[in-house]
Structure formats: structure tokens, C-alpha cells
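One structure is given here, and the rest of the page talks about it.
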Amino acid sequence: MYEAGGWVLLESAIADLPVDLRWLFESGAVTIEQLAALHGALGVTTAADLRAVVRREAVRKVPGLDVAVESAIAAALPTLRASVPRVPLGRAIAIASPFLSRLRELPGVEWAEFTGGVRRGEDMVGDIELVAAAHDAASVFDALLELPDLTRCLHRGPRRLYLLTDRAQIGIRCQSPDAAGAALLYLTGTEAHFDGLRSLASSRGWALEPEGLTREAGSQRLSESEGQIYSALDLPIIPPEIRNGDDEIAAAQQGTLPALIARTDIRGDLHMHTDFSDGRDTVEAMVEACVSLGYEYLAITDHSPHSSSSRNLSADSVKRQAEDIARLRERYPQIVILHGCEVDILPDGRLDFSDRVLERLDIVLVSLHDGAGHSPEHLLRRYLDAMRHPLVTLITHPTNRLLPYRAGYDLDYDRLFAAAVETRTVLEIDGAPAHLDLHGALARRAVNAGATVAVDSDCHRAEMLQLQMQLGITTARRGWVQPRHVLNTKPVDEIRALIAAKRAR
Ligand SMILES: [Zn+2]
Ligand SMILES: [Zn+2]
């Protein structure tokens, strides 16, 4: 509960008031009577609702409220969600995905989706909210309230349900199927993206509201699906991960939106750990899991001797692991097992294994794992030294951030990306929930600079391989990354050729 920001939610449960409304009250913008009037007349429960009613100037029309209250709410809005406890994306997805699956299976639910930061793949998310399309919200809610791991119902309205599960608060908005697409578009955000679409609509004399797109007064509102609304605006569906409100609408108008990388483009996973270092599972368990994911190849990459992880490889255990892998290659001919290592870059820029050990490996990943201590310039120099090493293929989690605790290095990333291109070193987009590194914005700069990236799971247990790969892909999509930018969309022979070419230089 603590990790998921549960204290605030519990507090709100005790007060028995939707949390955003409670914060609105505590901001001083409204009295409790005004809040009750607002909720009673307009059915608002969340900050998104408040934004919507302020935008369409509905507050001032409620008996007992006026323009001054509406302005006070508008002024308070930006502060309401500023203090929402944020949880890492990986945790939010792990908590809410089983719930989403069950919601989708309920009778009468035509479709259901995440909204907000979860759907856009933000690194840290404040709310877990879903939209479901169903005619009969009441029976959907009744069924949800029967779920075994439900702790309590925080709030139930005709179309909203807020639940406390054993690990987090989950909000569900149930809309009739003819209106659910508009709700999904609006609640997915970002606000800047929605505003961009709204300006585009109004430049044509139309009106885009949270309830849908109206082309002419009196005409039928388009609200059934996101696709319907985008297509009326002559746009393809813009992937949620890039709905930032910067240049994605312009790119969509010009027809230059890239086809973003997807899970089906991935042929293998080049970064994972076993019980030879700090992973939980054996090499064989990881191989088996990768086979069942349909991969063509995987790389086993445990930690080098001076890594700060709880267990590390020694030169001797590298040898034993090689024997292990040789045996497994015979047992699992359907997948290529690359023997690799995640080697620390030592403080002086040298690598944590001798070249004689490294040259026997199929692939060498290098990392900085230190928290701090060196200046950005010094850290960059260590990276650059490592990248020039002919045996080095890939830099893992380049910013070395640790969500939610530690920000990444403040390096001159343009120099890092240029060096990656020059030395033909691959940069990683690491899908471990605490990494998501490179993050979207940096990944975009990296591929724009011409660098190749790899999307890896950096997995420490077999059952997380799929989720962490998916988190990596989501992060890559936020960086506008396309399949052609990604090393592990390529057949293993091409990867081997790239490694051989660098080694030959
Ligand atoms: Zn690492
Ligand atoms: Zn790792």
C-alpha cells in the first residue's frame, strides 16, 4: 500500500469522497456545499471531469454556483493532481493488467482499455484508470464488485466505479459503446494533444469536446471510436505513446508518422540474468521461457566480478556457464543461445574482464552501475573509452537512472550518440521497470542521430521476460523508434556480422 501511494487513497476512502474532489475542497476553491452541488448536478468525480465542465462553462449554470466559483476551480485545477503519488509504470501495469483482462471478459463489455499515463506508457503514473464500453454499466459494476481481491469500493456512480484492490486504486469509467471512443481519447490525453486536435477541429468550424466531435450544429456527434474521430479530422490514429502535443499531429497531417516498433517485430532478447549472478532462474529456465515467447535467439548476460549486484560471475564461472550453454544448445536447437556478459566499466574506463575472457563471448554488453561520484565529463569519458573497445557491442541502460529513486546521469548525450554511431556501438532501451532507459525523449534523439538501439528485458526472472520486453517496447515507441532502428528486430546472423565487423576493426 505504501509503495502504491496507498496512504493517500486510504485517507480518501475514510473520508468517503473521491480524492480529486477532496483536494479541490482542501484547495479552498469551493465550500463543501458548493462541492456537493457540483457533484450532484454534473456528476463530476475526477480532475478530468472538472476540467471538462470548466471548459464547457457548465459550472456557472449550476444553481448556487457562479462564474467566480468556476474561475476558482480553473485556478485550482493544476495543483490538484500535482501531489498524486506516482508509481512506476511497470508496477501499475503489473497491478492493473489482470484486472483489465477480467474486465474485458465480463458479459456486455465490448472493449476496455487503459487511459491516461498508463496507456501512453509514461515512466511514472499517477492514476490507474480504465474505460469500458458497455450498455449496462450497473451490471458490469456489480460483477466487478464480486472480484475476490477487491478490498473495497471507494465510490460508485452511474458510470464510475473506484475500487481499492489489495495493491492500488483503480478507476473504471463505463460508457455506452456509442460514446466510449470519445471518452477514451479524452482521458488518454495528453491535454496538449487533445487541445491540438481541438484546434484542428475548430479551424474547420467543428467542435471537439470530451464527449466527441460535432461537425455541424445539430449533426450527430462522433464518439464511438478514436479512429472515427481521427479519421474525421483526416488523420491516422496517432499511437497513444506519442500523444505529447508537440509535433505528432503535424507529422500525422504530413503523412510522416513512423510505423512504430511493436512486439511482433522483436526476434530475440539480448540482455538477461540467471542464477550465475543476481537472477533467480537457471540458464535453462530462461532459455525455455524465451522459446515459449517465440524468440529466434537470446543472450545470457550475467554481471561481471566488480558489479555492485548481489552475486557476480568470476572468470571461472564464465567457463562453467559456457559449458552449461553448450549443453543447452544441443537440447534446444530451435533457438540460438548467445553467451554474453554485462561487464562493468571500471572507474578508469577499462572493462571488468580481461580481453581473453571477453573474446570467448558471443556478445559483450557494458554498463556503468555507479550511483554518483564522477563528474558528467568523467562518466562520458568512461563510456567513450568502452565504446572504442572492439569487443564491446552494446551499452546497457545508458542514463543509469533508477526509478523512482535516482535521476539519470546529466551527460552530453549528443556526444554519446555521435560516438555510438562512430564506433558502431548499440545503445539500449532497457525494459526493466526501474530503468526504462534510454527513456522516450532520449531514445528519439539517439535514433535521430543515427544510432542503433536494442530493446531488451534486462530480466532477472523468467516470468517477467514478456512484461519487461513490452515495457521496453512501449518506451521505444515513446521515442518514435521504428523497427529498422532496432538491433534485435534483425536475424541473428546480422547481429553476429555487426559484432564481427567491429571486432575486426
Ligand atoms: Zn545493469
Ligand atoms: Zn542487467
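Every number for a ligand or one of its atoms is a count from 1 in the order of the listing.
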Aromatic plane relationship, Phe194 with Tyr186 - under 30° parallel, 30 to 60° tilted, over 60° perpendicular
perpendicular
So if I apply the side chain to side chain contact (heavy atoms under 4.5 Å, CB included) rule between Leu427 and each of Ile395, Leu442, Val447, which one comes out positive?
Ile395
Under 3.5 Å side-chain donor-acceptor pair for Asp20 and Thr46:
no
Give every donor-acceptor pair under 3.5 Å between a side-chain atom in residues 93-102 and any protein atom, sequence neighbours left out.
unit_1 : atom_1 : unit_2 : atom_2 : d
Ser97  : OG     : Ile93  : O      : 2.9
Ser101 : OG     : Ser97  : O      : 2.9
Arg102 : NH2    : Asp149 : OD2    : 3.4

Listing by chain and number, what protein N/O/S atoms are under 2.8 Å from the Zn ion (ligand 1)?
Glu342 OE2, His369 NE2, His397 NE2
Can you name the closest pair of heavy atoms from Leu471 and Gly90 and give their distance?
CD1-CA, 3.7 Å
Atom nearest to the Zn ion (ligand 2) - His271, N, O or S atoms considered:
NE2
Taking distance alone, no hydrogens or angles, what donor-acceptor pairs closer than 3.5 Å link side-chain atoms of residues 357-365 to residues at least two apart or in another chain?
unit_1 : atom_1 : unit_2 : atom_2 : d
Asp362 : OD2    : Arg329 : NH2    : 3.0
Asp362 : OD2    : His339 : N      : 2.6

Starting from the Zn ion (ligand 2), look over the N/O/S atoms of His273 and name the nearest one.
NE2
Any side-chain hydrogen bond (donor to acceptor under 3.5 Å, both in side chains) involving residues 487-505? Give me the pairs, sequence neighbours left out, ordered by first then second residue.
Thr425-Lys502
